[in-house]
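A quick write-up on the structure given underneath.
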Amino acid sequence: MQNDAEHAPLYARVEAALAAEIAAGILPAGSQLPTEDRLIERFTVSRTTVRKAVENLVARGLVEIRRGKGTFVTEPKLTQALTSLSGFVEDMTELGRHATARLLDKRPVPATEDVARQLDVARGALVYRIERVRLADGVAMSFDETYLPLDIGEKVASNDLEAEPIFDLLELRYDLPLIEAQYQLEAVTADERVARALGVEPGSPIFLIERTSYSEGQRPVDYEKLYYRGDLIRFTTRLSRLPRKRD
């Protein structure tokens with residue numbers, strides 16, 4: 001009996017061969033695929049066939065096309081469960097990744113309408129803003145904007161924010177236990193500022209999480225806008241169905 005692969009379309013054979021090399025690490029994450037001309041020569045196929053194979057690999061999330069640069073093997077996506085209130089370092093540790101941070105800016109700023117509402121302060125009142133890039137195994141995963149009430153922010157900002165997680169500082173150093181949080185998640189695209197921070201092209205897919213964390217007495221102590229790279233992470237949760245009322 002002939003192998004089914006022998007009857008597959010040429011583009012599918014090229015796709016399967018490249019996918020196998022990606023899975024085996026022969027083409028590791030971040031590496032560049034050979035050029036179209038080299039793939040045409042290697043597989044003895046047409047340019048149309050190569051392009052169809054690459055299109056399918058893009059659709060499967062195995063490679064990405066970077067304008068003016070070439071086609072690259074994507075980093076494998078992390079799967080993070082949204083089941084409890086946790087910080088980036090805790091999340092990455094749970095996934096077996098080494099978390100680090102790069103501080104971009106920290107300063108008092110006037111509260112916008114959104115920030116004022118989330119932190120329960122007057123619009124225009126000074127709050128403390130901290131901007132960081134969060135990395136997993138050296139790869140930029142998210143760009144975080146953190147807003148804190150001014151008195152809390154000044155204390156937090158006096159620490160090494162590239163080494164000490166803000167959640168740890170709030171809970172362990174400043175005795176502000178985090179009880180619960182309100183989450184909002186939506187799909188957006190990276191603007192110039194977010195793209196520059198994450199090292200991606202403007203317009204790249206981004207998960208935006210807005211999270212307000214509360215301490216005792218429903219006191220809002222931390223409002224964050226977390227911009228996660230859509231090509232590197234997926235979020236999961238598990239839902240329980242409420243009992244149905246019977247007439």
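Keep in mind it's a predicted model, so treat the numbers as computed, not measured.
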Heavy-atom pair with the smallest gap, counting every atom of Ile206 and Arg229 = CD1-CA, 4.1 Å
task = Consider only side-chain heavy atoms of I, L, V, M, F, W and Y, link residues closer than 4.5 Å, and tell whether Tyr227 and Val139 are in one cluster.
result = no
inquiry  = Under the side chain to side chain donor-acceptor pair (under 3.5 Å) definition, can you give me all pairs with a residue in residues 17-35, not counting sequence neighbours?
reply    = Glu21-Arg42
remark   = Looking only at heavy atoms, the pair that brings Leu33 and Val73 closest together is CD1-CG2, 3.8 Å
note = Checking Arg107, Arg102, Arg193 against Glu131 for salt bridge (charged side-chain N to carboxylate O under 4.0 Å, His left out), the one that qualifies is Arg193
message = Using the rule given for side chain to side chain contact (heavy atoms under 4.5 Å, CB included), can you reason through Val115 versus Arg129, listing the C-alpha separation, both sets of side-chain angles and the distance that settles it, and then say yes or no?
response = CA-CA 10 Å; Val115 172; Arg129 184 186 68 197; over 6 Å; no
inquiry  = For residues Phe167 and Tyr214: do they belong to one hydrophobic cluster (side chain heavy atoms under 4.5 Å, members Ile, Leu, Val, Met, Phe, Trp, Tyr)?
reply    = no
message = Can a side-chain donor-acceptor contact be found between Thr74 and Glu64 if the only test is distance below 3.5 angstrom?
response = no
request  = Inspect the surroundings of CD in Glu192 and state if more than 12 heavy atoms from other residues, nucleotides or ligands are less than 6.0 Å away.
outcome  = no
query = For Asp105, does the CG atom have more than 12 heavy-atom neighbours from other residues, nucleotides or ligands under 6.0 Å away?
reply = yes
Sidechain-backbone polar pair: Asp222 side chain, Leu148 backbone, donor-acceptor under 3.5 Å = no
ask   = What closest approach, in Å, do Lys52 and Tyr11 show between heavy atoms, and which atom pair accounts for it?
value = CG-CG, 3.4 Å
task = Walk me through it: do Ser142 and Asp144 pass the test side chain to side chain donor-acceptor pair (under 3.5 Å)?
result = CA-CA 6 Å; Ser142 74; Asp144 297 2; 2.8 Å; yes
Flag if over 12 foreign heavy atoms under 6.0 Å of CZ, Arg123 = no
Greater than 12 external heavy atoms within 6.0 Å of Glu180's CD = yes
query = Can you name the closest pair of heavy atoms from Met92 and Ala136 and give their distance?
reply = SD-CB, 3.7 Å
message = Among Asp168, Val221, Ile152, Asn159, exactly one meets side-chain contact (heavy atoms from CB on, under 4.5 Å) together with Tyr174. Which residue is that?
response = Asn159
request  = Determine whether more than 12 heavy atoms belonging to other residues, nucleotides or ligands lie under 6.0 Å from atom CD of Glu41.
outcome  = no
ask   = Would you find a donor on one side and an acceptor on the other, under 3.5 Å apart, between the side chain of Glu162 and the backbone of Leu103?
value = yes
request  = Quick one: pull up NZ in Lys225 and OH in Tyr147 and give me the separation to the nearest 0.5 Å.
outcome  = 6.5 Å
query = Quick one: do Tyr128 and Leu178 end up in the same hydrophobic cluster if we chain Ile, Leu, Val, Met, Phe, Trp and Tyr together by side-chain heavy atoms under 4.5 Å apart?
reply = yes
ask   = Taking the six-membered ring for Trp, are Phe88 and Tyr228 parallel (under 30°), tilted (30 to 60°) or perpendicular (over 60°)?
value = tilted
query = What do the steps show when you test Leu85 against Ile179 for side chain to side chain contact (heavy atoms under 4.5 Å, CB included), and what is the final call?
reply = CA-CA 8 Å; Leu85 175 55; Ile179 307 300; over 6 Å; no
task = Show your reasoning for whether salt bridge (Lys or Arg N to Asp or Glu O under 4.0 Å) applies to Arg66 and Glu201.
result = CA-CA 8 Å; Arg66 301 176 189 172; Glu201 294 290 332; over 6 Å; no
ask   = For Val58 and Val63, what are the C-alpha separation, side-chain angles and deciding distance, and is it a side chain to side chain contact (heavy atoms under 4.5 Å, CB included)?
value = CA-CA 5 Å; Val58 171; Val63 303; 3.6 Å; yes
query = Quick one: which of Thr49, Thr44, Thr48 gives a side chain to side chain donor-acceptor pair (under 3.5 Å) with Ser46?
reply = Thr49
ask   = Has Arg117 got more than 12 heavy atoms of other residues, nucleotides or ligands less than 6.0 Å from its CZ?
value = yes
ask   = Do Tyr223 and Glu145 have side-chain N/O donor and acceptor atoms under 3.5 Å apart?
value = no
Value rounded to 0.5 Å, distance of CE in Met141 from CZ in Arg97 = 7.5 Å
inquiry  = Show, in sequence, the C-alpha distance, side-chain angles and deciding distance for Leu208 and Leu185, and conclude whether the side chain to side chain contact (heavy atoms under 4.5 Å, CB included) test is met.
reply    = CA-CA 6 Å; Leu208 168 58; Leu185 186 152; over 6 Å; no
inquiry  = Tell me the closest heavy-atom pair linking Leu198 and Phe143, and the distance in Å.
reply    = CD2-N, 3.6 Å
Ala157 versus Lys106, closest heavy-atom pair with distance = O-NZ, 2.7 Å
